[in-house]
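Here is the structure we will look at.
Owing to the predicted nature of the structure, the values given are computational and were not obtained by experimental measurement. For the numbers below, each heavy atom of this structure counts, side chains included, while hydrogens, waters and symmetry mates do not.
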Amino acid sequence: MNYWLMKSEPSVYSYDDLIRDKKTIWDGVRNYTARNNLKAMKKGDLAFFYHSMEDKAIVGVAKIAKEFFPDPKDENWVAVEITSFKKIKNPVTLAQIKADKRLANMALVKLSRLSVQPVKPEEFDLVLALSEEK
DNA sequence: GCCAACGTTGGC
DNA sequence: GCCAACGTTGGC
């Protein structure tokens, strides 16, 4: 199983929106690196849901429900379908991640503009552990 | 094929 | 609002 991180501006589409909708099509990705990551996703993979801009925090976990298919809006690109999986207890902020040496190599820090990025299993576990802390 | 100009993302 | 980082475009 692989782990991912997908970014969204909460004012556009938030994790609470995903909870309300149960599932959503993740389309509109127009970056080759991000597209390659979408294509590498397998059904059942888990992805952190990151709120950019206002929150700058990981707020939930989504599950890949459907592997890549052509983006309904532009078939040169691809989309996946995700479902809400788990809302994180305490959001893990970008500042927290940057402050933790063990997470300093996360793509979120290194490749700050990439909207769909891979997460290492140990990073995934660490972030979840951070979210359990007060 | 190089690279300058330009556009976009997203943190600060 | 600014600007750094980075991706894309287009002239040569």
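The phosphate of B:dG10 has OP1 or OP2 within less than 4.0 Å of a side-chain N or O from A:K7. Taking 4.0 angstrom as the limit, A:K98 places a side-chain polar atom (N or O) nearer than this to OP1 or OP2 of B:dC12. OP1 or OP2 of B:dT9 has not a single side-chain nitrogen or oxygen of A:Y50 nearer than 4.0 Å.
Judged by distance alone, the side chain of A:Q117 and the main-chain N or O of A:L108 form a donor-acceptor pair under 3.5 Å.
Rounded to a whole Å, the CG atom of A:D55 is 18 Å from the P atom of B:dT9. Atom CE of A:M53 is separated from atom P of B:dT9 by 9 Å (rounded to the nearest Å). Distance CG (A:L114) to C1' (C:dA5): 13 Å, rounded to an integer number of Å. For the pair A:L108 CG and B:dT9 C1', the computed distance is 13 Å after rounding to whole Å. Note: CD (A:E9) to P (B:dT9) measures 8 Å, nearest angstrom. Here the P atom of nucleotide B:dG10 and the CG atom of A:L5 are 11 Å apart, to the nearest Å. The distance between atom NZ of A:K110 and atom P of C:dA4, rounded to the nearest whole Å, is 19 Å. Between the CZ atom of A:R113 and the P atom of B:dG7 there is a distance of 14 Å, given to the nearest Å.
Looking at heavy-atom distances under 4.0 Å, A:L94 makes contact with sugar-phosphate atoms alone, never a base.
At least one side-chain heavy atom of A:D27 sits under 4.5 Å from a side-chain heavy atom of A:P72. Within the 4.5 Å cutoff, the side chain of A:K89 has heavy atoms near those of the A:E132 side chain.
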### Task
Would you please test A:Y15 and A:D55 for side chain to side chain donor-acceptor pair (under 3.5 Å) and show each step?
CA-CA 12 Å; A:Y15 193 72; A:D55 287 359; over 6 Å; no
